[in-house]
Amino acid sequence: MIQTTPKSGMPITTIWGYHQTKPIAVIEGASYSQIMQIFNLSSNDPNSYKELEIVKKSDLDINDVTENELISELSMFKKKLEPMPFKVTLYAYDPLIGIKTIINPSGIKEKYKYDTQNRLEKISDNNDNILKEYKYNYAPLSIPPIIFYNSAQSRSFTRNNCGQGYDSDTYDYTVPAEIYSSTISQSDADQKALDDINSNGQAEANQNLQCFASECPFTPIGGLSLTMPSVIYNENYYLVHFSALINTNGIDPTSFNSGAGRTLGLITGTCKPSRVQVITFDEPAGGMFGGTPANRRWEVRIDAVGNVSAKLISGTITSSRYGYINFKFHFNKF
């Protein structure tokens with residue numbers, strides 16, 4: 001499977017390497033055709049991805065030298081996609097042992113080292129700092145017990161200490177398969193892996209991820225006057241919250257009725273959508289002193305540059321010193 005589209009509606013494209021046996025790149029938010037167009041390959045041919053350099057390098061990966069060549073090519077692949085709002089995770093393997101390197105969407109690299117018996121020994125970061133280390137101890141038993149090993153477990157975390165008005169990317173904390181064991185049951189072994197995630201995942205995210213401002217400026221256009229500062233911010237990775245209270249004093253009410261309506265202003269920063277978003281919403285009650293229900297319905301258009309325009313679908317506007325338009329809604333970034 002090259003592309004899947006879960007219930008969220010956001011496509012996920014997987015690029016397969018090592019002679020089409022293992023995923024080497026997972027791109028969330030991009031369709032297969034988009035990726036092929038970026039790399040000047042046919043978007044209609046399901047086999048075009050085999051011409052990507054990362055796929056060719058993976059097919060040649062047989063030792064440390066070829067593995068480093070592949071990782072270098074994966075980094076260039078990720079860099080070419082950086083201007084796009086995609087989440088890119090990259091993988092390199094020793095096909096006979098297991099995963100060797102993971103580069104997550106934040107650019108953090110995890111390197112996996114195995115012992116002489118091909119058991120996972122430690123996981124280190126870009127600077128060779130040890131993130132996890134595993135020790136294997138065995139005691140002889142007269143009757144060998146049934147041993148259950150955990151299946152791979154993973155959970156995404158964001159920083160929880162950035163403060164109001166700031167956000168971060170996500171960090172995927174993964175416990176590979178067969179790290180924890182149990183003589184009780186499979187669920188007990190899996191629970192040990194989950195306990196590891198619950199104990200360490202958030203701390204890893206807080207240590208490795210960077211905080212960034214999630215609020216965005218909004219500049220009104222055409223003489224519109226904001227009664228109070230607008231509040232526009234990334235509510236999460238996909239959704240933007242928009243709130244602006246506009247005074248109707250001196251406004252021509254008919255300017256919102258014709259054509260595409262009237263331009264409200266410009267959003268700047270990271271809250272702009274990647275493509276045109278058109279939403280319809282019923283204006284909530286709101287004014288400087290609480291106000292009354294507006295009984296107005298709007299069609300709002302936000303383009304990829306950040307221009308916001310609004311058209312009145314139903315209801316009326318009165319130009320008044322004490323009149324207000326309460327724009328409060330959410331829109332998708334993708």
Side-chain angles (χ1 to χ4, degrees), residues 1 4 12 14-28 54 57-58 61-64 66-68 70-71 74-75 78 87-138 145-158 169-209:
M1 183 69 71
T4 59
I12 300 174
T14 301
I15 303 299
W16 292 83
Y18 295 93
H19 303 283
Q20 292 74 59
T21 62
K22 298 186 180 298
I24 58 174
V26 177
I27 307 101
E28 299 178 51
I54 59 172
K57 291 290 186 184
S58 74
D61 182 14
I62 57 174
N63 54 38
D64 290 343
T66 53
E67 179 184 320
N68 289 331
L70 169 60
I71 292 173
L74 289 170
S75 298
K78 180 178 176 64
K87 294 179 67 177
V88 182
T89 305
L90 305 168
Y91 304 89
Y93 303 82
D94 184 330
L96 299 178
I97 299 177
I99 197 155
K100 293 294 293 296
T101 301
I102 298 176
I103 304 174
N104 71 23
S106 301
I108 298 171
K109 183 184 295 182
E110 293 184 352
K111 296 182 285 187
Y112 291 70
K113 183 178 179 181
Y114 298 83
D115 63 16
T116 55
Q117 298 182 48
N118 294 336
R119 299 173 302 187
L120 184 60
E121 186 175 35
K122 63 183 178 181
I123 302 174
S124 58
D125 63 13
N126 302 28
N127 301 315
D128 292 325
N129 298 313
I130 296 175
L131 302 176
K132 302 177 193 175
E133 192 168 16
Y134 305 97
K135 301 293 184 182
Y136 302 89
N137 299 296
Y138 299 96
I146 298 175
I147 300 177
F148 302 90
Y149 294 94
N150 71 285
S151 57
Q153 304 291 332
S154 182
R155 179 181 165 193
S156 296
F157 293 86
T158 58
D169 290 325
T170 58
Y171 178 85
D172 294 327
Y173 187 95
T174 300
V175 177
E178 300 186 4
I179 296 300
Y180 293 98
S181 63
S182 170
T183 57
I184 300 173
S185 66
Q186 179 66 52
S187 61
D188 184 57
D190 288 339
Q191 186 60 52
K192 291 179 180 179
L194 294 173
D195 290 342
D196 182 343
I197 291 174
N198 293 332
S199 297
N200 301 303
Q202 188 61 63
E204 290 285 342
N206 289 349
Q207 177 180 342
N208 290 292
L209 297 178

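Just so you know, these numbers come straight off a predicted model, no measurement behind them. Each residue takes its place number in the sequence, starting with 1.
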Exercise for the section: Sorted by first residue and then second, give each side chain to side chain donor-acceptor pair (under 3.5 Å) pair with at least one member in residues 188-197; sequence neighbours left out. Expected result: Ser151-Asp190, Tyr173-Asp196, Tyr180-Asp196, Ser182-Asp188, Gln186-Asp190, Gln191-Asp195, Asp196-Asn200

Rounded distance (nearest 0.5 Å) linking atom [atom1] of [X] with atom [atom2] of [Y]:
X      : Y      : atom1 : atom2 : value
Ile12  : Lys87  : CD1   : NZ    : 9.5 Å
Glu133 : Ile123 : CD    : CD1   : 11.0 Å
Ser187 : Asn150 : OG    : CG    : 12.0 Å
Thr101 : Tyr91  : OG1   : OH    : 12.0 Å

Handout entry: Partner of Asp172 under side-chain hydrogen bond (donor to acceptor under 3.5 Å, both in side chains), chosen from Ser156, Ser106, Ser154
Key =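 Of all the options given, the one that passes is Ser156.
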
Handout entry: Step-by-step side chain to side chain contact (heavy atoms under 4.5 Å, CB included) determination, Asn198 to Arg155
Key = CA-CA 9 Å; Asn198 293 332; Arg155 179 181 165 193; 3.1 Å; yes

If we only count heavy atoms from C-beta on, is the [X] to [Y] side-chain gap below 4.5 Å?
X      : Y      : answer
Lys113 : Ile130 : no
Glu121 : Tyr136 : no
Tyr134 : Asp115 : no
Ile97  : Tyr112 : no

Exercise for the section: Would you please say whether a donor-acceptor pair under 3.5 Å links the side chains of Tyr18 and Asp61? Expected result: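 Side-chain D/A pair, Tyr18 to Asp61: present.
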
